[in-house]
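The structure appears below as structure tokens.
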There are 2 protein chains.
Amino acid sequence: MIKEKLEEYYNVVFEQELLDEIAEVGTYRFVKENELLLDIGDQFHQIPLMLTGAIKISRETKAGEEIVLYFLERGDTCTITFGSGLQSSKSKVRGVAEKDSEIIFIPVEKLEEWMVKYPSWRSFVIDSYNIRLNEMLEAIDTLAFMKMDQRLFKYLTDKVQIMRSTTLNTTHQEIAVDLNTSRVVISRLLKQLENEGKIKLYRNKIEVVDF
Amino acid sequence: MIKEKLEEYYNVVFEQELLDEIAEVGTYRFVKENELLLDIGDQFHQIPLMLTGAIKISRETKAGEEIVLYFLERGDTCTITFGSGLQSSKSKVRGVAEKDSEIIFIPVEKLEEWMVKYPSWRSFVIDSYNIRLNEMLEAIDTLAFMKMDQRLFKYLTDKVQIMRSTTLNTTHQEIAVDLNTSRVVISRLLKQLENEGKIKLYRNKIEVVDF
DNA sequence: TTTAAGCTGTAACATTTGTTACACTTGGAT
DNA sequence: ATCCAAGTGTAACAAATGTTACAGCTTAAA
């Protein structure tokens with residue numbers, strides 16, 4: 001089964017032998033929506049390869065303040081949790097399933113081994129790092145240059161893309177946590193967006209009209 | 001000459017054959033303080049290897065707003081400017097020499113070539129990516145969780161480390177640009193830090209006392 | 001020496017964001 | 001049906017940051 005899934009999503013990315021190897025050493029895992037995949041400080045020895053779904057990656061301080069960094073989707077991997085020197089080390093971010101997801105996990109030792117063996121793996125790893133860096137840059141731009149109302153609207157439209165639905169089942173409180181602000185601020189700005197005709201508000205539900 | 005410098009700074013990082021190859025294909029460049037090394041949008045075909053000095057890496061929007069991300073120092077390389085698929089592509093950040101610096105430039109083609117050939121190069125590239133990602137994470141934490149007075153003090157103490165001097169020759173205006181705020185705000189907060197006894201203010205000069 | 005440009009300090013005010021408080025609604029548990 | 005917890009709307013106020021204006025100082029250039 002893992003083999004078919006792999007072929008479906010990664011056959012253009014990896015050569016056949018690599019696909020075979022992944023199928024052999026990788027483990028398939030189904031993750032339910034809202035399940036915690038890895039927490040800050042978790043040691044981990046496996047590299048995730050996303051098949052379907054989406055994982056929300058966020059950062060938290062000791063004080064408990066939190067902020068969402070980006071989402072992992074099909075074809076993504078999570079490099080940021082790797083430590084120095086190809087050793088496994090502690091994760092600096094948290095990953096929670098944003099929706100039901102399918103992931104293949106690969107033992108970290110393979111990272112370096114395949115690097116020598118497969119050109120497609122080299123490209124994949126380097127590409128992944130670059131994609132991750134660009135996501136981080138985008139997060140920085142958002143934090144540095146946008147006001148809360150813009151950040152909120154970006155958050156909503158990003159989520160529409162990820163969820164593939166213009167109807168978001170979420171509460172103001174959840175959004176406030178993801179953007180590291182307070183519920184009152186979010187309610188205020190959401191109401192403002194509604195008055196501008198960009199969204200419609202319901203209980204536990206937001207419909208994004210203009211995106 | 002390039003050979004001696006290399007041996008001095010990278011002999012523990014790379015094996016001898018790789019050092020020899022770098023000396024052969026790399027070009028040495030001396031960069032004066034405040035010189036613009038690469039700008040946003042610049043195409044570039046060389047990977048920098050820092051020998052001495054420091055490069056300030058910053059990000060700018062079309063609107064002209066700017067923010068400092070981090071500094072490159074000895075042993076660092078700048079991966080974020082790499083494009084997808086190991087091809088050279090356009091830089092998304094700006095690099096300006098914070099002080100006189102020495103850099104070796106390596107043609108990008110070598111990146112992949114050496115990846116197969118030299119284990120130490122593989123480790124170096126992966127390590128560099130991880131260091132870069134961690135710097136980005138730190139920038140995000142700073143932006144997301146710290147107020148301007150804390151950001152300012154962090155900026156000053158970071159700069160003390162980079163410049164290896166507790167006396168910083170800079171103006172309020174320059175700091176304001178680096179932190180994407182206004183001069184008045186910086187003057188206000190600097191005065192506050194002075195009153196707290198953490199710094200001393202002079203014209204074109206700030207002395208960091210408590211760090 | 002005179003002048004102009006840039007640097008710094010500060011006041012006054014505007015805007016944005018955060019906080020506290022409370023009323024009202026909704027939906028599920030008892 | 002009643003009750004309770006969670007979600008939402010809004011006011012009132014506090015704190016942080018941004019803006020405009022202007023005065024006095026320093027330094028380099030004319």
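Within every chain, numbering begins at 1; the chains are lettered A, B, ... in the order of the sequence lines, protein sequences first and strands thereafter. Quantities reported herein were computed from a predicted structural model and do not represent experimental measurements.
Nucleotide D/dT17 holds its P atom 17 Å from the CG atom of A/Asp149, rounded to whole Å. Whole-Å rounding puts the B/Leu179 CG to D/dA16 P distance at 17 Å. Spacing between atom CD of B/Gln192 and atom C1' of D/dA15 amounts to 12 Å, rounded to whole angstrom units. Whole-Å rounding puts the A/Ile175 CD1 to C/dG18 P distance at 15 Å. What separates CG of B/Leu189 from C1' of D/dT19 is a distance of 15 Å, to the nearest Å. Rounded to whole Å, atom C1' of D/dT17 lies 7 Å from atom CZ of B/Arg188. Counting to the nearest Å, the P atom of D/dT8 and the CZ atom of A/Arg183 are 8 Å from each other. One can place CD1 of A/Ile186 at 11 Å from C1' of C/dT17, the figure rounded to the nearest angstrom.
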Checklist entry - Can you check side-chain contact (heavy atoms from CB on, under 4.5 Å) on A/Phe145 and B/Ile67, steps first, answer last? => result CA-CA 9 Å; A/Phe145 304 125; B/Ile67 193 167; 3.7 Å; yes
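Side-chain atoms of B/Tyr155 and B/Lys159 include a donor-acceptor pair closer than 3.5 Å. Between the side chains of B/Asn130 and A/Tyr129, at least one donor N or O lies within less than 3.5 Å of an accepting N or O. A donor-acceptor pair shorter than 3.5 Å can be found between the side chains of B/Glu102 and B/Thr52. One side chain, B/Arg183 or B/Ser187, offers a donor N or O that lies under 3.5 Å from an acceptor on the other.
Not a single donor-acceptor contact under 3.5 angstrom links the side-chain atoms of A/Arg203 to the base of D/dT8.
Comparing C/dG18, C/dT10, D/dG9 against the side chain of A/Val185 picks out C/dG18 as the nearest. Picking from C/dG9, C/dG18, D/dT10 the nucleotide with the shortest atom distance to the side chain of A/Ser187 gives D/dT10.
OP1 or OP2 of C/dG18 sits under 4.0 Å from a side-chain N or O of A/Thr181. OP1 or OP2 of D/dA16 has not a single side-chain nitrogen or oxygen of B/Lys147 nearer than 4.0 Å.
Using a 4.0 Å heavy-atom distance criterion, B/Thr171 is classed as a sugar-phosphate-only contact.
Nearest-nucleotide positions on DNA chain C place B/Thr170 closer to the 5' end than the other of A/Val184 and B/Thr170.
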